[in-house]
Asks: 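Dumping the structure here so I can ask a few things about it.
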Amino acid sequence: MATDVDARVERALAGDRAAIAKLISIVETGGEPAREVVARLHSHTGRAWMVGITGAPGAGKSTLTDKLVGRIRADDLGVGVLAIDPTSPFSGGAILGDRVRMQEHATDPGVFIRSMATRGHLGGLAVATPQAARVLDAAGKPWIIVETVGVGQVEVEIAAHADTTVVVLNPGWGDAVQAAKAGLLEIADIFVVNKADRPGVDDSVRDIEGMLEMAGERDWRPPIVRTVATNGDGIDDLWKAIHDHRSQLEHDDAVVARRAARLRDEVQAIVAERLLVRAAALCQGDAFDALVAEVVARQRDPYSAADAILADAS
Ligand SMILES: Nc1nc2c(ncn2[C@@H]2O[C@H](COP(=O)(O)OP(=O)(O)O)[C@@H](O)[C@H]2O)c(=O)[nH]1
Ligand SMILES: [Mg+2]
């Protein structure tokens with residue numbers, strides 16, 4: 001087993017696509033094999049720049065990601081893409097759509113694209129995504145794009161943990177307000193108003209500027225980039241904005257603190273995941289059922305039942 005993992009890791013470090021795909025599957029599934037892989041990969045990481053792209057479903061994130069991949073490839077740089085979709089595991093529609101959209105890059109050896117669904121992750125996306133990104137980083141991809149739907153807490157957190165977080169909005173009354181409600185404004189390093197071929201772009205830009213004013217002074221003022229992802233308009237501006245943000249973070253050494261915070265959260269997520277697994281194991285079986293029966297019969301209160309379970313466990 002160990003030699004099996006070693007061989008795969010060696011091949012992935014050399015950029016072998018099949019090995020990269022297999023390692024991502026292993027870290028996605030979690031458990032002991034994932035631990036082994038991560039233990040071997042971690043020291044090879046820390047070089048990639050991770051760009052998070054988030055926003056409401058249908059905002060154009062996948063189309064934008066596809067164009068950005070093309071732009072990165074035009075600079076002859078390698079790129080890995082993790083498309084995270086929390087939609088129903090049964091529909092599969094959005095994931096299939098992303099694949100089709102990115103098909104032109106599918107045969108490019110400089111591009112690695114992976115769709116991750118929420119199903120099948122023992123530890124959940126909060127644990128699986130950084131692991132998958134770690135594989136791509138170790139495999140030498142200098143750029144990693146993580147596309148997440150900015151609707152759930154976990155998805156927003158994943159995007160917020162990128163080195164550069166891009167929040168995608170569309171023209172139209174209220175979109176910026178919705179984004180604010182979802183907590184997207186605080187995490188944005190760059191705003192994109194995509195679908196700039198539609199009316200209301202200036203209003204959206206003004207909305208965002210207004211909200212930035214209210215948020216007060218920051219080290220970095222997020223630029224607002226207008227794009228038409230479908231035809232590639234504004235992609236150069238977005239690529240430049242990403243570079244500007246990267247330069248600023250690197251210049252201030254802020255990237256060190258940001259990445260340390262990311263790793264800190266990762267360790268915490270792993271601890272939380274393990275405690276959940278442990279809790280599930282403790283809350284089953286005859287002894288547990290007997291305690292619950294006592295609570296139901298009002299012979300015990302829920303807290304003392306929990307105390308009894310934890311006392312037995314330690
Ligand atoms: N008119 C217009 N449509 C766009 C633009 N960008 C994306 N779309 C369309 O919006 C729909 C959703 O795009 P998609 O990239 O799947 O959005 P995602 O859910 O955010 O990943 C697709 O039909 C795209 O063709 C744009 O700039 N202008
Ligand atoms: Mg998408």
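For ligands, and for the atoms within them, numbers begin at 1 and follow the listed sequence. The shown structure was predicted, so the numbers you read here are calculated from the model rather than taken from an experiment.
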Asks: Which option, Asp66, Thr230, Thr63, owns the non-hydrogen atom nearest atom 26 (C) of ligand 1?
Replies: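 It is Thr230 that holds the nearest heavy atom.
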
Asks: Between Asp75 and Trp239, do the side chains contain an N or O donor and an N or O acceptor separated by less than 3.5 Å?
Replies: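 Short answer, yes.
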
Asks: Would you say ligand 1 has an N or O under 3.5 Å from any N or O of Pro57?
Replies: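 Pro57 vs ligand 1: no N/O contact under 3.5 Å.
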
Asks: Which is it for Asp197 and Asn231 under the side chain to side chain contact (heavy atoms under 4.5 Å, CB included) test, yes or no, and what are the steps along the way?
Replies: CA-CA 10 Å; Asp197 52 331; Asn231 69 13; over 6 Å; no

Asks: With only distance considered, is Leu64 within less than 3.5 Å of ligand 1 through an N or O on each side?
Replies: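 No, Leu64 has no N/O under 3.5 Å of an N/O on ligand 1.
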
Asks: Just which atoms of ligand 1 are under 4.0 Å from any heavy atom in Glu147?
Replies: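 Counting atoms of ligand 1 from 1, those under 4.0 Å from Glu147 are 21 (O).
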
Asks: Under a plain distance cut-off of 3.5 Å, with no hydrogens placed, do Thr230 and Thr63 share a side-chain donor-acceptor pair?
Replies: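 Short answer, no.
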
Asks: Would you say Arg278 has more than 12 foreign heavy atoms packed within less than 6.0 Å of its CZ?
Replies: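 Result for CZ/Arg278: open.
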
Asks: Closest N/O/S atom of Glu147 to the Mg ion (ligand 2), by atom name?
Replies: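 The closest N, O or S atom of Glu147 to the Mg ion (ligand 2) is OE2.
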
Asks: Indicate if the distance from the Mg ion (ligand 2) to the nearest N, O or S atom of Ser62 falls below 2.8 Å.
Replies: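 Looking at Ser62, which is the residue asked about, there is an N, O or S atom under 2.8 Å from the Mg ion (ligand 2).
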
Asks: So Asp137 and Leu41, side chain to side chain contact (heavy atoms under 4.5 Å, CB included) or not? Walk me through it.
Replies: CA-CA 9 Å; Asp137 185 352; Leu41 289 182; over 6 Å; no

Asks: List ligand 1 atoms under 4.0 Å from Arg198, heavy atoms only on the residue side.
Replies: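 Ligand 1 atoms under the 4.0 Å threshold to Arg198: 1 (N).
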
Asks: Trp220 ring centre to Arg258 NZ or CZ under 6.0 Å, with the angle to the axis within 45°?
Replies: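 Because its charged atom misses either the 6.0 Å distance or the 45° angle limit, Arg258 does not stack over Trp220.
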
Asks: When you group the ILVMFWY residues by side-chain heavy-atom contacts below 4.5 Å and let the links chain together, are Val292 and Leu310 in the same group?
Replies: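 Looking at the clustering, Val292 is in the same group as Leu310.
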
Asks: So, does Ala59 sit close enough to ligand 1 that a heavy atom of it is under 4.0 Å from the ligand?
Replies: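 Checking ligand 1 against Ala59, which is what was asked, there is a heavy-atom contact under 4.0 Å.
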
Asks: Looking at every heavy atom in both Pro223 and Ala241, which two are closest together, and how far apart are they?
Replies: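 Scanning both residues completely, I find the closest heavy atoms to be CG-CB, 4.1 Å.
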
Asks: What atoms of ligand 1 come within less than 4.0 Å of a heavy atom belonging to Asp197?
Replies: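 What qualifies from ligand 1 is 1 (N), 2 (C), 26 (C), 27 (O), 28 (N).
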
Asks: Do ligand 1 and Ala196 have nitrogen or oxygen atoms that lie under 3.5 Å from each other?
Replies: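 Ala196 vs ligand 1: no N/O contact under 3.5 Å.
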
Asks: At less than 4.0 angstrom from any non-hydrogen atom of Ser62, what atoms of ligand 1 do you find?
Replies: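 Matching atoms, with element in brackets: 15 (O), 18 (P), 21 (O).
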
